[in-house]
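First comes the structure, then the notes that go with it.
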Amino acid sequence: MNRNRIKKYSHKINLPLSKIRNFINRSEFSKKTFNDIKNIILVLFLVFLFLIIWVNRVKLYPENTLIWLKDKIYSTIASGEGFPCEIEGEKISAENFKISNNNIIALSDNSLNIINCFGNVVRKEKHNFSNPCLKSGDVRNIIYDRGGKNFRIESLSQNLYSGKCEKNIIACAVSDSGTFAIVHQSASHLAETRIYNKKGKEKYSFSFSENYISDITLNSAGTEAAVCGIAAENGNISSSLYILDFNSSEPKLQFDLKDNTVTRLEYLSGENILALGDKYMSFINLKSKNITNYSYGNKILKFYDFNKNEGICCCFSSSINESGNDEIVMIGITGEEIFKIQTSETLSGISHRGSKTAAITPHKIILYNFSGKTEGFIRTKNHAKKIILLPHSHACLLGAGKADKVKLSHLEKIIN
């Protein structure tokens, strides 16, 4: 707006020329400030979107997206009578009962059962495994016969690959990229690890001559594996953790965990690995090579609930046969103790999600908040042996041959 027009309008509205100029300047400043704020918000949104895509880049592979879409369709159109839902088979262990994308995966002694969030059956597939084991991921799951030779890779809606080893299987793992690992017995070594691409073509192998292998796990991208072996040393059992880079013939890293029998490995976020043993658990940072051990003291680790982004929620007991006084401990991904809950209960299962922790006894579900305080409980008719917390204040229960879903509301209060 030029000087003559400003003078013209100032005479019409009877205002001093200086005030008109100040008003125009303020308006232009406000408009510029608004545009700057809008641009900052847009940049922050794009950065946030990039980070989300980068973190989930493996899951967004075209093949993974197609698998996810097919799983979603099958899950949506599944029919049934809802919860409680029968699980085909006579026996199912708590370790073979998992949740994947809000669907239940239950591997019983004779079949693989996939159940959607409404309690309807998506799939039921028979198997002939003598000792069935399940390891689940975000997209793919691997089931195998420990001590046998057969294994299968499954999505929620279909079988993706089936195979048979020449030697007996010790442990298996599958990554979100489709890479899978088989540890099996060897004629010339104590154990042998073989890595395959998603089509079943071998791309790496490594033999172990000093340790009996107990477990293997893969990172999400399927570019490296963590393998744990045990060996006798001066009359004690010790463990060694190997990091295998598939582009190298020798282990990338090795960590010795003295006087501890490690039987379970898990990749955590932030380049951390969790190694679960009989005397302590180790949190290993692959970048700094720092090891943080969490000792059980004189207690026994009864069971746990693992989450790669939050850590591990554990239940400890003074003795296998002791009743009551179980302890719940939440440990973060770097080994720091987040909270500890001393109970007067004999627990048979726990689950942690976000700010909630749920524990089950033969007759009730007890809910705790993030600070370890008891929020209340719900009475149950049947004895459940596993609980998994779900979104929107729900939980899934594994009972005797059944899966059930409960709403965690209208809690009764526990009076001390």
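Values below: every heavy atom of this structure, side chains too, minus hydrogens, waters and symmetry copies.
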Between [X] and [Y], does any side-chain N to carboxylate O distance fall below 4.0 Å?
{"X": "K373", "Y": "E375", "value": "no"}
{"X": "K308", "Y": "E266", "value": "no"}
{"X": "K364", "Y": "E345", "value": "yes"}
{"X": "D176", "Y": "R140", "value": "no"}
{"X": "K287", "Y": "E271", "value": "no"}

Salt bridge (Lys or Arg N to Asp or Glu O under 4.0 Å): pairs with one or both residues in residues 141-152, sequence neighbours excluded: R152-E154
Using the side-chain contact (heavy atoms from CB on, under 4.5 Å) criterion, which residues pair with [X]? Sequence neighbours excluded.
{"X": "S348", "value": "I360, H383"}
{"X": "V329", "value": "Y294, F316, E327, I331, E337, K340"}
{"X": "N309", "value": "S269, N307"}
{"X": "Q185", "value": "K167, N168, I170"}

Close side-chain approach of [X] to [Y], heavy-atom, < 4.5 Å:
{"X": "I350", "Y": "I387", "value": "no"}
{"X": "P391", "Y": "N102", "value": "yes"}
{"X": "S238", "Y": "N260", "value": "no"}

Plane angle bin for Y161 and F180 - parallel if under 30°, tilted between 30 and 60°, otherwise perpendicular: tilted
Stepwise side chain to side chain donor-acceptor pair (under 3.5 Å) test for T223 and N219: CA-CA 7 Å; T223 56; N219 64 353; 2.9 Å; yes
Return yes if a side-chain donor-acceptor contact under 3.5 Å exists between [X] and [Y], otherwise no.
{"X": "N285", "Y": "S288", "result": "yes"}
{"X": "S75", "Y": "N103", "result": "yes"}
{"X": "E336", "Y": "T334", "result": "yes"}
{"X": "T343", "Y": "D326", "result": "no"}

Just list the side-chain donor-acceptor pairs under 3.5 Å for residues 81-95, sequence neighbours left out, or say none.
from: E88; atom 1: OE2; to: K126; atom 2: NZ; distance (Å): 2.7
from: S93; atom 1: OG; to: N96; atom 2: ND2; distance (Å): 3.3

Exercise: identify the closest heavy-atom pair between S214 and A171: O-CB, 4.3 Å
